[in-house]
Asker: 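Right, I'll just put the structure down here and ask away after.
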Amino acid sequence: MLAFIGRRISIALLILFGSSFIAYNLEAYAGDPLAGLAESTAPNKGYLIATLTRELQLDVPPPARYFLWLKGVLGFLTGHFDLGMSRDASPVISQMATAIPVTLRLVTGATFTAIVLGITIGIISAIRQYSRLDYVMTFISFLLFSLPVFWVAVLLKQYLAIGFNDFLGHTDANGNPQASIPVEWIIGISAILGVVFAGFVSGTRNRVLITWAATFVLFSAMLFGISSTNWLLNPQLSIVGVGIMSIGVAVGLTYVLTGFENRGALKAGLTTAGIAIVSYYPFQFLAGPSTNAFMILGLGLVSMAIAFAVGWFYVKVDRGPVIRVSMFTALFAGFFMLVDRIMQSWNGYFNSDAINRRPIPTIGDSNPLLMSNDFWIQTLDGITHVALPTMALTLISFAGYVRYARGSLLEVLNMDYIRTARAKGLGERQVILRHAMRNAMIPLTTLIAFDIAGILGGAIITESVFGWKGMGTLFRNAIGNQDLNLFMGGLVLTSFLAVMANLAADLLYSALDPRIRIGKK
Amino acid sequence: MAIKKSKKDKAESTTVGENAIANRETEGLSQGQIIRKRFFQHKPAVFSLFFLIAITLFVYSASGIHLGTEHNPINYQGWWHYTILDLPDTTLCGEAVGCPTLDHPFGQDNIGRDFFALVTRGTEISLMVMVIIGFLGGFIGTVIGAIAGFFGGWVDAVLMRFTDFIITIPTILIGAVIGFRVGNLGVFVLACLLGVFAWTGLARLVRGEFLSLREREFVDAARVAGASNFRIIFKHILPNAIGVIIVSVTLALSGAILLETALSYIGLGVQAPDVSLGLIINQYQDSFTYSPWLFWWPGAFIIAIALSVNFIGDGLRDAFDPRQRRRIKRKDFVLVAAKTRPGK
């Protein structure tokens, strides 16, 4: 095993060496960094050219210069890691250090949302193979598969940012701000949502129609309430909303994960939801304007520990599912409380001078004019900026997960051991959750490992459309400005991660599936 | 033939095995016929195939055929009465210029170019790039994967490390080298160069297929009969792996059109004066508020092409891969029961 890892790592290093050598020379060949200066009319042109030549060692031919660069990179062995200087005479490492957090903020959320959402929908689609839902999801996933991200991004900017901001900017006859949704919109949205939910149920036509009608009435009432109370201008969930939603989640999770026969799970979930409701006001006290991310993280860990304990003490046997229900309930309840807390800052954010009643921005990663020390307003600013790019990235990348999860689960469901599980009388829930899904998810680990490693590569097009200065923009600018060292810095990081992900995927695969033995012929 | 769905029928149907149905479906047909039959049962795929052919014919006939180099062009003008070089007068409509009219069904851009001519020409180029990338990548990937998988050992190790090596070179760099240094050599060269780097996924897939197929008896039989390695690879094993290859190349085609449009969008793909759908979207994205037609049409063509290619790929996968075939419905059981009952 160790020999295998060692061999793979040494081969990986050789590949990295080769590809970085080729990329270095290709990029050096792609353009002359002095071309811009040679055409300039600056009086100190000669001096500028000489300085740049000296700093970037341009007098050395590229193949030889590569080894000078490599010497700096290999410096990490002796503690003098150096990726060289970029064209504006700042170290490449520091430029990357500013770009990486931006990219992480942009791509991490989208990647994980796409993974969770895509796998969930893929599983549902596979369980209901050749149902109406499956056909609709297949079509949607193909459609999203075929969307160019720049096209989606422009649409999102137009309708969700500009359109939504215009909508929030409306005032009534007296000049008071109002956010009332037109009646035809309420009817239209409810009707469409009704179709979506009716698509989820299968069965007789009556059942579908009843589902559609119920959804339609429910959402019409909700949207009407939102519209008439100007909820969008002053949104809140309050203790009532958080309470109802937490209890709903507890019941729903129990139904999906264990079934109502498991009384212990239901009780544990409801207890956790109860604890969440009780801690609503203490949380408001703890999460004041001057709080920080570590505090919130700490509270999250405490709530997870409490949820674990609740699950642990309720039952004596088969604790796993009960603890899972309890902890997921706590996770959702905590999320609702966070959302509620952020909503409380909405009014202040929305009416501040920097925002001026246009809350959804189309470019940038933060609003530089926003002068506020309020942690929640800062958080809200981050969320409004990240919302659209995240949505665009999630939309185009989650379709792949739907297809893979569906295909993989279908393959597993045809296997003999699933037939055995059914034959010995296990419920469908047990068969899917405990027997089929665990094996079906193994092939997906490769995909997930690559996507997570790819996060730091940034999203060149999305970043460029939304004006974020992350790794994608760094790459693009480096190529456009013939900034060789900067380009190589980004490339070394991403290709190193890609090679490592390849190795990690192989190791993970053999750990999850003992039938696969790596390093053996 | 009327089938009575009586209770007796259903009870009997459950005793008929799945094999009977599988056999009935394929009785007396060759492998190619079975695959064709299965493909034509996949309605979205068949519809997409005709749709794609229709788009291609429409676009090429409207815009004409443009080959050759800048100095030595070979042009056949299509039936559309404007070219991308014409600058007809624009009319003002509301806050925008060049709204769609009968004369200009897709509208005009701000300097008056007919947008129908632009979009059809862009689609033409994007389609060409897509096909070149797909087939060149498909060819190289198949050959490298086949050789690696068939010979194994050090050949396999070297070729697969070479594949890993190509994977780490970013596509955007190839676009940059062509765009900034080589200059605009035209779309054909760009497509070929992109295709030369777009075979890695397929090579791994084909290699996997070959690794398992070369252990089968028919390969030994062929070798005993004195077939050369070349013959075994291309005459014996490749036809057995062709399903995987066709499906994967089809899906790579939809990836290729998205790659080309994305590269053109960020300015590293097709360069002006050539047009491509990605380039058109890049040029007109800021005019969305006043002239939305400049944005909708090129996007609609990209999506239409990519979507139909994806559906065709899905149909081919179903046709080639019987493991993912449809679950057998009760209706089929009844049919088989009716057919296999003696004296009926």
Asker: If contact means a heavy atom pair closer than 4.5 Å, which residues of residues 489-496 of chain A contact chain B?
Answerer: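 Listed by number: A:Leu491, A:Ser495.
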Asker: Could you tell me which portion of B:Leu258 (side chain, backbone, both or neither) has an atom closer than 4.5 angstrom to a non-hydrogen atom of chain A?
Answerer: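 The side chain, not the backbone.
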Asker: Just give me the residue among A:Ala12, A:Ala498, A:Gly18 that pairs up with chain B most often, heavy atom to heavy atom, under 4.5 Å.
Answerer: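 Most heavy-atom pairs under 4.5 Å with chain B: A:Gly18.
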Asker: For the side chain of A:Trp151 and the backbone of B:Phe295, is there at least one donor-acceptor N/O pair under 3.5 Å apart?
Answerer: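 Yes, A:Trp151 side chain to B:Phe295 backbone: donor-acceptor pair under 3.5 Å.
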Asker: Looking at B:Trp297, I'd like to know if its CH2 atom is crowded, meaning that more than 12 non-hydrogen atoms belonging to other residues, nucleotides or ligands lie closer than 6.0 Å.
Answerer: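 Counting neighbours around CH2 of B:Trp297, 12 or fewer heavy atoms of other residues, nucleotides or ligands fall under 6.0 Å, so no.
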Asker: Given a strict heavy-atom distance threshold of 4.5 Å, which part of B:Phe165 is in contact with chain A: side chain, backbone, both, or neither?
Answerer: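 For B:Phe165, heavy atoms of backbone and side chain both lie under 4.5 Å from chain A.
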Asker: Name the region of B:Thr261, side chain, backbone, both or neither, that has any atom closer than 4.5 Å to a heavy atom of chain A.
Answerer: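 Both backbone and side chain of B:Thr261 come within 4.5 Å of chain A.
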Asker: What is the distance from atom CD of B:Gln285 to atom NZ of A:Lys157, rounded to the nearest 0.5 Å?
Answerer: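 With rounding to 0.5 Å, CD (B:Gln285) is 7.0 Å from NZ (A:Lys157).
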Asker: For A:Leu14, is it the side chain, the backbone, both, or neither that has a heavy atom closer than 4.5 Å to a heavy atom of chain B?
Answerer: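 Neither part, no heavy atoms under 4.5 Å.
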Asker: May I have the step-by-step check of side chain to side chain contact (heavy atoms under 4.5 Å, CB included) for B:Asn310 and A:Arg403, ending in yes or no?
Answerer: CA-CA 12 Å; B:Asn310 272 326; A:Arg403 300 309 303 162; over 6 Å; no
Asker: Hey, what do you get for CD1 (A:Ile22) to CD1 (B:Ile166), rounding to the nearest 0.5 Å?
Answerer: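 It is 8.5 Å, given to the nearest 0.5 Å.
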Asker: Examine whether an atom of A:Ile11 lies under 4.5 Å from a heavy atom of chain B, and if so say whether it belongs to the side chain, the backbone or both; otherwise answer neither.
Answerer: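 Contact with chain B: side chain only.
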Asker: With a cut-off of 6.0 Å (strictly less than), are more than 12 heavy atoms of other residues, nucleotides or ligands near CZ of A:Phe167?
Answerer: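 Yes, because the 6.0 Å sphere around CZ of A:Phe167 holds more than 12 heavy atoms from other groups.
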Asker: Are B:Asp164 and A:Val499 packed together at the side-chain level, in the sense that at least one heavy-atom pair is separated by less than 4.5 angstrom?
Answerer: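 No; the side chains remain at least 4.5 Å from each other.
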Asker: Going through the distances and angles, do A:Phe150 and B:Ile266 end up as a side chain to side chain contact (heavy atoms under 4.5 Å, CB included)?
Answerer: CA-CA 9 Å; A:Phe150 45 91; B:Ile266 58 173; over 6 Å; no
Asker: Using heavy-atom distances under 4.5 Å, tell me whether A:Leu147 contacts chain B through its side chain, its backbone, both, or neither.
Answerer: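 Backbone plus side chain of A:Leu147, per the 4.5 Å heavy-atom cut-off to chain B.
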Asker: Do you know which of A:Leu143, A:Thr138, A:Leu16 has the most heavy-atom pairs under 4.5 Å to chain B?
Answerer: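 Highest number of pairs under 4.5 Å: A:Leu143.
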Asker: So with a 6.0 Å cut-off around CD1 of B:Ile53, is the heavy-atom count from everything else above 12?
Answerer: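 Above 12, so yes.
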Asker: Would you mind checking which part of A:Phe475 comes under 4.5 Å of any heavy atom in chain B, side chain (CB onward), backbone (N, CA, C, O), both or neither?
Answerer: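 Answer is neither: A:Phe475 stays 4.5 Å or more from chain B.
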Asker: Tell me, side chain or backbone of B:Ile281 under 4.5 Å from chain A's heavy atoms, or both, or neither?
Answerer: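 When you check distances to chain A, only side chain atoms of B:Ile281 fall under 4.5 Å.
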Asker: Report yes if the side chains of A:Ile15 and B:Phe162 come closer than 4.5 Å at any heavy-atom pair, otherwise no.
Answerer: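 They are not in side-chain contact.
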Asker: Side-chain contact test, heavy atoms from C-beta onward, threshold under 4.5 Å: evaluate it for A:Ser19 versus B:Ile167 and give yes or no.
Answerer: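 No, side chains not in contact.
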Asker: Between A:Phe142, A:Phe487, A:Phe139, which has the largest tally of heavy atom pairs under 4.5 Å with chain B?
Answerer: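 The residue among A:Phe142, A:Phe487, A:Phe139 with the greatest pair count is A:Phe142.
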Asker: Taking the side chain as every heavy atom from C-beta outward, state whether B:Trp296 and A:Leu155 have any pair of such atoms under 4.5 Å apart.
Answerer: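 Answer yes - side chains close enough.
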Asker: Looking only at heavy atoms, what is the nearest atom pair of A:Pro148 and B:Ile302, with distance?
Answerer: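 Scanning both residues completely, I find the closest heavy atoms to be CG-CG2, 3.7 Å.
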